[in-house]
Amino acid sequence: MEKMSEKEQQEVLLNYRIAYLADTMVNWCPALGTVLANDEVKDGVSLRGGHPVEQKVMRQWSLRVSAYAERLLKGLDNIDWTESLKEIQKNWIGRSEGAEMVFPVKDSDVEMKIFTTRADTVFGVTFMVLAPESELVDKIVKPDKKAEVDQYIKDARKRTERERMSEVKKMTGVFTGAYAINPLNNEEVPVWVSDYVLAGYGTGAIMAVPAHDSRDFAFARTFDLPIVQVVVPRGEEPGDIDKWDDARDSKEGYMINSGFLNGLNVPEAIEKTNEYIREKGLGEVKVNYRLRDAIFSRQRYWGEPFPVYYKDGMPYTLDESELPLELPEVDKYLPTDKGEPPLGRAKNWKTKEGYPLELNTMPGFAGSSAYYLRYMDPHNDQMLVSPEANRYWQDVDLYIGGTEHATGHLIYSRFWNKFLYDLGVVCKPEPFRKLVNQGMIQGRSNFVYRIKGTNTFVSYNLKNDYDVTPLHVDVNIVNNDILDIDAFKKWNPEYKDAEFILEEGDKYVCGWAVEKMSKSMFNVVNPDDIIEQYGADTLRLYEMFLGPLEQSKPWDTNGIDGVHKFLRKTWRLFSDRDDNILVTDEEPSKAELKVLHRTISKVTDDIERFSFNTCVSAFMICVNELSDLKCHKRAILEPLLVLLSPFAPHMTEELWHLSGHNDSIVDATWPLAEEKYLKDDTVIYPVSFNGKMRFKLEMPAQADNAEIEKAALEHEGAAKWIEGKTIRKVIIVPGKIINIVVS
RNA sequence: GCCCGGAUGGUGGAAUUGGUAGACACGCAGGACUUAAAAUCCUGUGGCCAUCGCGGCCGUGCGGGUUCAAGUCCCGCUCCGGGUACCA
């Protein structure tokens, strides 16, 4: 066999590299000399400047994420992430099982390869569609149609992918003049070009089954193409297609108009078709993924430069001894006159041997995909992470972050980690063992109501008696929906002489709404103000007390006094009003120990569940009870302080010192709940009749079921519920409830 | 359209495995202390009925069901929030 040239070798190898150069479609703006992201383009022009934008093929670095699609999907089963996040990733990866089938083109040696998940409906194919970008278009188009087809493709190129997707209802397309042959029934069907078929998914070509796919249906109706029903839903008769206004669902039913498949139900038909095409060599069963390779080039200055140079047009990596490659100096952070990225301006941007270096830089996710590994061994200048450091730290125990990274960073990190795992650099196949999504804090806006044409404002509950305009008012001059009228007059000169119609209690009550937090709605709350007023511990505690971590909710300071009062109350267990330390070394009572150990147990448990709001209420209960007991004992208060320290670090540190410690509370040992203090001698049973609680019954903890039943039935409160009835059953759940069934 | 969440008092929320619905707070009402205010403390607070200090009925978005027992499980809806979308 003849030896390949070096260039040929490299070309072949590029098809197998994890990072590879490939021609990809981008939004190119010639006027700006740059590639634009989808959200920088609107209506075919650049958002900035309004210059025309076109679809252009550019040679870009890509990362072969698709090679890991199956493992990225499977790996989700083994990590403790939220279901919603896993779901988003599953959909993004978009695994679909189907068949890849070949349709020969009539009077030509071209074959159209299509992917379908519904091979069973192949008898319902009445036309074929190619994506405008498909290279097959040129090969099959008939001479008399060429001009028309070329024009269509040119127009389609001007529209960005996002625009194409947003115009779902408007079908456009053009006939190529060519016909494909259905390999199952040898029927000839016309081949069209339309941008509703995407080049990037499957093979960029589809078999259209208008009777059972709503996009194909819309296309057939637009261009008057035939429609053939092949699936009839169970319990229905074949329909009159002319009367349909959309495609028929075909998930369940039996086959008609389908040759050897007639009468079979859908799953049987899929199986039989797959078998048939495999046997006849018409195609193969295949799995397709929606996940696309990630484009890894950016035409801007700020980004990691690629350690890559070009020889004979082929990319080669720099030798490790040449690393790190640092960004060169440039005169301007702008593209060159030739349209090259900013690195094209750098002088001597080439290797020692004189080969030119790559001009693109890496995107943001180059840095964000593996930083957690670097954290394990930050000073290592020989490798990303040493095997020892990696074995020690392994993976990220807990990741708290928003869902907005689901299809970007969190996929890329998993992909990088898997690649590094394959290379033996890391010891864990997944980077983030557990992931929790925190909720968003929204803004709560306040409104005042101005009577139209006046400078008079009417309070919320009286506003319906007037014709009013609601106006946003700065939430910082509103307290618990009550307007600070003086502050309001000063807020805006316009309102200096404003008048007010107040309601009961001489208050001006504001209306409210939950909206995006934004300056224009005057609902931005600066945490500095709250820290100024209440302290950082109160803010921290209040954020936790607000509700479950994962829940989004409006920022609303209505309850902040509650947690602030709690902290003051805690302080008073340690110190009186005159700053005298009250802490004593007395032996704690049984009751005090019970309060403490219950709190230790509850808080320790709740932290494990990320249920911080219930931790705070457990602390409140504890402090309320200790206050009632007038407990100032060190043996109780110090463990409590340690428990509270992650929640209110500043105050607990201070109290820790005030009560005589010189070290920091962060080094204190976490207290352990002792079982013996948690147990009660008696159990208070709720006694229910037919499931409704009627009275309570206190019983010794070790009482057996017979004793409990006897005591319950003899209780003075039981008689009126038993009287004249028959006791059917007595259910006793030890330590929990008693339910007496009567009828 | 599809997928995923959620809905509990005036408000935020609690109820972890089907076992006392409304913990803990906010707010509100009343009271104590005070010349007054702040701070603090006490009492009450889901709705309806009541011979309002006995007690009863209803009640976790709606309609059914399973169960001795349902906020929790099942079936069918409504509304709200989020994600995603010509994916063949």
Side-chain angles (χ1 to χ4, degrees), chain A residues 82-88 90-92 94-96 98 114-118 121 129 161 164-169 171 194-198 200-209 212-216 218-219 288-292 403-404 406-407 437 439-440 442 480-481 505 512 514 542 545-548 550-554 556-563 565-566 568-569 572 577 602 605-606 608-609 611 613-622 624 627 684-696 720 728-733 735-743:
Chain A
T82 56
E83 277 313 306
S84 67
L85 195 45
K86 286 188 185 183
E87 206 57 41
I88 294 171
K90 268 179 206 163
N91 293 340
W92 189 257
R95 182 184 197 275
S96 56
I114 58 99
F115 175 74
T116 177
T117 54
R118 293 299 305 274
T121 62
V129 188
E161 198 167 320
R164 281 165 55 174
M165 288 191 278
S166 60
E167 288 172 8
V168 178
K169 275 145 222 126
M171 279 292 176
S194 172
D195 62 10
Y196 85 89
V197 175
L198 302 177
Y201 184 79
T203 60
I206 61 149
M207 61 176 213
V209 185
H212 304 292
D213 179 285
S214 55
R215 293 152 303 168
D216 297 345
F219 194 83
N288 234 308
Y289 300 91
R290 203 188 82 112
L291 184 71
R292 294 189 214 175
T403 37
E404 67 270 23
T407 57
N437 296 126
M440 278 185 310
Q442 298 153 318
N480 291 345
D481 291 336
W512 60 273
V514 172
Y542 183 58
F545 189 57
L546 224 40
E550 326 82 59
Q551 230 166 71
S552 279
K553 55 171 54 77
D556 177 345
T557 54
N558 277 346
I560 201 161
D561 276 333
V563 289
K565 275 187 208 162
F566 155 73
R568 297 166 77 112
K569 204 164 176 179
R572 283 199 307 278
R577 269 156 226 256
K602 170 84 176 152
D605 262 22
D606 285 359
E608 288 300 317
R609 299 192 293 131
S611 179
N613 54 327
T614 54
C615 287
V616 178
S617 56
F619 282 125
M620 288 173 168
I621 292 168
C622 174
N624 287 346
S627 299
I684 296 171
Y685 282 97
V687 182
S688 302
F689 289 83
N690 292 340
K692 280 188 202 295
M693 207 277 288
R694 297 302 174 181
F695 60 85
K696 284 172 188 173
K720 71 188 267 199
R728 297 284 170 200
K729 211 188 226 179
V730 178
I731 289 141
I732 295 168
V733 183
K736 287 253 164 151
I737 57 110
I738 300 165
N739 188 20
I740 297 160
V741 186
V742 295
S743 65

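Just so we're on the same page: letters track the sequence lines, and every chain starts at 1.
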Separation of the [atom1] atoms in [N] and [M], to the nearest angstrom:
N	M	atom1	answer
rG46(B)	rG63(B)	P	23 Å
rG27(B)	rU11(B)	C1'	7 Å
rU43(B)	rA25(B)	P	12 Å
rU34(B)	rG71(B)	C1'	46 Å
rC49(B)	rC68(B)	P	35 Å

If I take atom [atom1] in residue [X] and atom [atom2] in nucleotide [N], what distance separates them, rounded to the nearest angstrom?
X	N	atom1	atom2	answer
Met207(A)	rC87(B)	CE	C1'	15 Å
Asp216(A)	rC87(B)	CG	P	10 Å
Asn91(A)	rC4(B)	CG	P	9 Å
Phe545(A)	rU11(B)	CZ	P	16 Å
Met693(A)	rG56(B)	CE	C1'	14 Å
Asp606(A)	rG13(B)	CG	C1'	14 Å
Phe695(A)	rG55(B)	CZ	C1'	15 Å
Phe566(A)	rA23(B)	CZ	C1'	15 Å

- Query: Of Ile737(A) and Tyr289(A), whose closest RNA chain B nucleotide lies nearer the 5' terminus?
  - Reply: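 Its nucleotide being nearer the 5' end, the pick is Ile737(A).
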Using a cut-off of 4.0 Å on non-hydrogen atoms, how would the nucleic acid contact of [X] be classed: base, sugar-phosphate, or nothing?
X	value
Arg95(A)	nothing
Lys696(A)	base
Ser96(A)	sugar-phosphate
Lys602(A)	base
Gln551(A)	sugar-phosphate
Ile206(A)	base
Asn624(A)	sugar-phosphate
Asp213(A)	nothing
Arg728(A)	nothing
Ile731(A)	base

Pair partner, [N] [Watson-Crick or wobble, under 3.5 Å]:
N	answer
rA69(B)	none
rC48(B)	rG56(B)
rA36(B)	none
rG30(B)	rC42(B)
rG76(B)	rC62(B)
rG81(B)	rC4(B)
rA25(B)	rU11(B)
rU20(B)	none

- Item | Under-3.5 Å donor-acceptor pair between Asn739(A) side chain and rC68(B) base |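 Indeed there is one.
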- Query: Is any side-chain N or O of Lys692(A) under 3.5 Å from a base N or O of rU20(B), one able to act as donor and the other as acceptor?
  - Reply: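 Answer no: no donor N or O sits under 3.5 Å from an acceptor.
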- Please name the pair of heavy atoms, one in Tyr685(A) and one in Lys736(A), separated by the smallest distance, quoted to 0.1 Å.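 Nearest heavy atoms, Tyr685(A) then Lys736(A): CE2-N, 3.7 Å.
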- Item | Residue pair Asn91(A) / Arg290(A): nearest heavy atoms and the distance that separates them |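 Looks like O-NE, 3.4 Å.
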Is [X] close enough to [N] that one of its side-chain N or O atoms is under 4.0 Å from OP1 or OP2 there?
X	N	result
Lys565(A)	rC41(B)	no
Arg572(A)	rC41(B)	yes
Lys736(A)	rA69(B)	no
Arg694(A)	rC57(B)	yes
Arg577(A)	rC41(B)	no
Arg568(A)	rU40(B)	yes
Lys90(A)	rC4(B)	no

- Check the chi torsion on rG44(B) and let me know: syn if it falls within 90° of 0, anti if not.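 Because its glycosidic torsion lies more than 90° from 0, rG44(B) adopts the anti conformation.
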- Message: Apply the syn/anti split at 90° from 0 to rC73(B) and say which one it is.
- Response: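 rC73(B): anti glycosidic orientation.
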[X] and [Y]: side chain donor to acceptor below 3.5 Å:
X	Y	result
Lys729(A)	Asn739(A)	no
Ser611(A)	Thr614(A)	yes
Asn288(A)	Ser96(A)	no

